[in-house]
Amino acid sequence: MSIRNLMFQLVAGLFIAVLFSGSGFAEDKFAVMAGDWQRTDGSYLIKVSEVQANGQATVQYFNPRPIHVAKAAISTHKGFIQLSIEFQDKGYEGSTYLLYYYAEEDSLAGYYYQAKMNRTYKVIFIRK
């Protein structure tokens, strides 16, 4: 095996280990999630504040009135920062967002599960 191939395998292995570890560089960057996020297809707004290194944060949701957020957490998944939100409010019981932060676009993209209709939608939020 050539030195070049050995170096390539070493770098590729390190990259894969970081990507799938669930911890690493992204955990130090949870603070990037703080802010107001506007959904591109309506007046839906997520407000993220008080972001902590362990993934806890204060998350509020508006459509345009406030909707009760039962659970919210920030974590990492395959190298991406992930925001998960679960609602518990009239008409929203069990509905969820699963969003991923895309640094290049400074946006959140992912899925909204509307429990009442048992449907999942692709959604995008941009920073306000």
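Throughout, numbering of the chain's residues begins at 1 and tracks the sequence.
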Please indicate whether Glu93 has more than 12 foreign heavy atoms, meaning atoms of other residues, nucleotides or ligands, lying under 6.0 Å from its CD.
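Atom CD in Glu93 is crowded, with more than 12 foreign heavy atoms closer than 6.0 Å.
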Name every donor-acceptor pair, under 3.5 Å, that has one atom in a side chain of residues 60-70 and the other anywhere in the protein, sequence neighbours excluded.
unit_1: Tyr61; atom_1: OH; unit_2: Tyr97; atom_2: OH; d: 2.8
unit_1: Asn63; atom_1: ND2; unit_2: Tyr92; atom_2: OH; d: 2.4

Stepwise side-chain contact (heavy atoms from CB on, under 4.5 Å) check, Gln38 with Phe125
CA-CA 5 Å; Gln38 180 76 48; Phe125 286 81; 5.6 Å; no
For Val48 and Trp37, run side-chain contact (heavy atoms from CB on, under 4.5 Å): C-alpha distance rounded to whole Å, both residues' side-chain angles, the deciding distance at 0.1 Å, then the answer.
CA-CA 8 Å; Val48 180; Trp37 300 91; 4.1 Å; yes
Excluding sequence neighbours, so at least two apart, what forms side chain to side chain contact (heavy atoms under 4.5 Å, CB included) with [X]?
X: Glu86; result: Lys71, Thr96
X: Lys122; result: Tyr111
X: Ser75; result: Gln82
X: Ser49; result: Thr58

Under a 3.5 Å cutoff, is there a donor and acceptor pairing between the side chains of Asp106 and Tyr101?
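Note: Asp106 and Tyr101 side chains meet the donor-acceptor criterion.
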Heavy atoms, side chains only, cut-off 4.5 Å: are [X] and [Y] in contact?
X: Val51; Y: Lys29; result: no
X: Ser95; Y: Tyr112; result: yes
X: Tyr44; Y: Ile46; result: no
X: Tyr121; Y: Gln114; result: yes

In the single-linkage hydrophobic clustering (I, L, V, M, F, W, Y; side-chain heavy atoms under 4.5 Å), do Val123 and Ile81 co-cluster?
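Hydrophobic grouping puts Val123 with Ile81.
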Decide yes or no on side-chain contact (heavy atoms from CB on, under 4.5 Å) for Arg127 and Leu108, but give the supporting numbers first.
CA-CA 8 Å; Arg127 192 180 301 273; Leu108 301 173; over 6 Å; no
When rounded to the nearest 0.5 angstrom, what distance separates CE in Met33 from CG in Leu83?
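It is 4.5 Å, given to the nearest 0.5 Å.
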Could you give the distance from OG1 (Thr120) to CG (Leu98), rounded to the nearest 0.5 Å?
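One gets 10.0 Å once the value is rounded to the nearest 0.5 Å.
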Nearest non-hydrogen partners of Phe30 and Asn54, listed with the distance
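Residues Phe30 and Asn54, closest heavy atoms: CE1-C, 4.4 Å.
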Return the minimal non-hydrogen interatomic distance between Gly110 and Leu99, and the atom names on each side.
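Reported closest heavy-atom pair: N-CD2, 3.9 Å.
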Which residues satisfy the salt bridge (charged side-chain N to carboxylate O under 4.0 Å, His left out) test with Asp89, sequence neighbours excluded?
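If we apply the salt bridge (charged side-chain N to carboxylate O under 4.0 Å, His left out) test to Asp89, skipping adjacent residues, there are no hits.
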In terms of the angle between their ring planes, are Tyr102 and Phe80 parallel, tilted or perpendicular, with boundaries placed at 30° and 60°?
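Tilted, since the angle between the ring planes falls between 30° and 60°.
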